[in-house]
Amino acid sequence: MNRILIAEDEPRIASFVEKGLKSHGFTTMLATTAQETLQMALGGDFDLILLDLGLPGKDGLEVLAELRGQGEQVPIIILTARDEIQQKVAGFESGADDYVTKPFRFEELLARIRARLRQNTGGQAQEVLELSAGGVVLDLRSRKVRMGDGELELPAREFVLAETFFRHPGQVMSREQLLDRVWGYDYDPGSNIVDVYVGYLRKKLGSDLIETVRGMGYRLRA
Ligand code: CA
């Protein structure tokens, strides 16, 4: 299982990233200051660090330079609202492996984390690469769906929604949970987008796969 250190002081973003990563099978730990980040990163055995540049205590780029200066080789992806090109260059010069600009969609972050972990393990990601239920197989590497003899491609958001269900077979997922995990922290809670997308999945993957649990949400038939 991959261990990820999330260095982020904004509770809303931290919990969004934490929940998303946990639901995809990662183990996460949270640091909310520059000092904590340094201590945990140097003391812990992490596979990857997500580093917010705007942490209390010290500039994130200094934290990064200090980690690299102490020989810490772990892949580091910077999370920041600072999207200026100079900042990106400075980030890479300080030893960052990748860069995600806020606001970001969870699926984008996840794709970058996976790419980074794959590189680091020589092409052998240690996480689950296929999920299946009811004769439908999700291939997490190619992002394709296999059913019977056929193969099917889903738009990115539909794939992430399907993956979220497949990670929690038999478990009721509320609309709010699904919005949070699939659409991120910028959504309208009154939106019916979840229902619309569940409709798309039913049409493509079979109408029986995802059942409605009245007043609670949806559930993948185990
Ligand atoms: Ca911050």
Side-chain angles (χ1 to χ4, degrees), residues 1-120 127 156-157 160 164 176-189 191:
M1 195 185 286
N2 287 301
R3 281 165 54 85
I4 298 187
L5 176 62
I6 304 167
E8 171 64 68
D9 63 317
E10 204 171 311
R12 196 156 169 236
I13 297 178
S15 106
F16 159 68
V17 172
E18 205 168 18
K19 277 191 277 185
L21 288 177
K22 279 186 178 152
S23 80
H24 286 84
F26 293 92
T27 302
T28 62
M29 288 190 76
L30 182 64
T32 56
T33 66
Q35 200 52 40
E36 241 176 54
T37 304
L38 282 168
Q39 273 170 6
M40 290 172 78
L42 292 169
D45 183 21
F46 293 100
D47 298 299
L48 188 134
I49 297 175
L50 296 175
L51 178 66
D52 171 32
L53 283 192
L55 285 174
K58 205 176 252 186
D59 186 87
L61 290 179
E62 281 177 53
V63 173
L64 182 56
E66 211 167 312
L67 287 175
R68 292 307 187 219
Q70 301 215 28
E72 184 54 67
Q73 307 263 318
V74 65
I76 296 178
I77 299 178
I78 288 177
L79 301 178
T80 184
R82 305 178 200 171
D83 54 356
E84 295 88 353
I85 189 71
Q86 292 95 322
Q87 284 289 347
K88 292 194 190 190
V89 171
F92 287 114
E93 278 174 355
S94 309
D97 296 278
D98 205 350
Y99 210 101
V100 178
T101 305
K102 296 174 190 171
F104 54 85
R105 300 191 318 192
F106 183 76
E107 67 198 45
E108 187 198 346
L109 178 66
L110 184 63
R112 289 184 189 230
I113 289 173
R114 283 184 173 144
R116 197 48 56 190
L117 290 173
R118 265 201 299 279
Q119 267 183 14
N120 229 45
E127 58 174 320
R157 193 75 65 154
V160 177
T164 306
E176 196 188 25
Q177 278 175 320
L178 293 167
L179 278 169
D180 213 39
R181 287 177 188 183
V182 181
W183 280 269
Y185 50 90
D186 282 323
Y187 59 78
D188 167 14
S191 149

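Atoms within each ligand, like the ligands themselves, are counted from 1 in listed order. Small disclaimer: the values here were computed from a predicted structure and weren't measured. Sequence positions, counted from 1, serve as the residue numbers for this chain.
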(request) Enter the distance from M40:CE to Q35:CD here, rounded to the nearest 0.5 Å. (result) 12.5 Å

(request) Give the name of the N/O/S atom in D52 that lies closest to the Ca ion (ligand 1). (result) OD2

(request) Taking the side chain as every heavy atom from C-beta outward, state whether L67 and L38 have any pair of such atoms under 4.5 Å apart. (result) yes

(request) In plain terms, say whether D9 and K58 are close enough for a salt bridge, that is, a side-chain N and a carboxylate O under 4.0 Å apart. (result) no

(message) Closer than 3.0 Å to the Ca ion (ligand 1): does that hold for any N, O or S atom in D9?
(response) yes

(message) With respect to the Ca ion (ligand 1), please indicate if I13 possesses an N, O or S atom at a distance under 3.0 Å.
(response) no

(request) Check for a donor-acceptor pair, side chain of R112 on one end and backbone N or O of Y99 on the other, with a separation under 3.5 Å. (result) yes

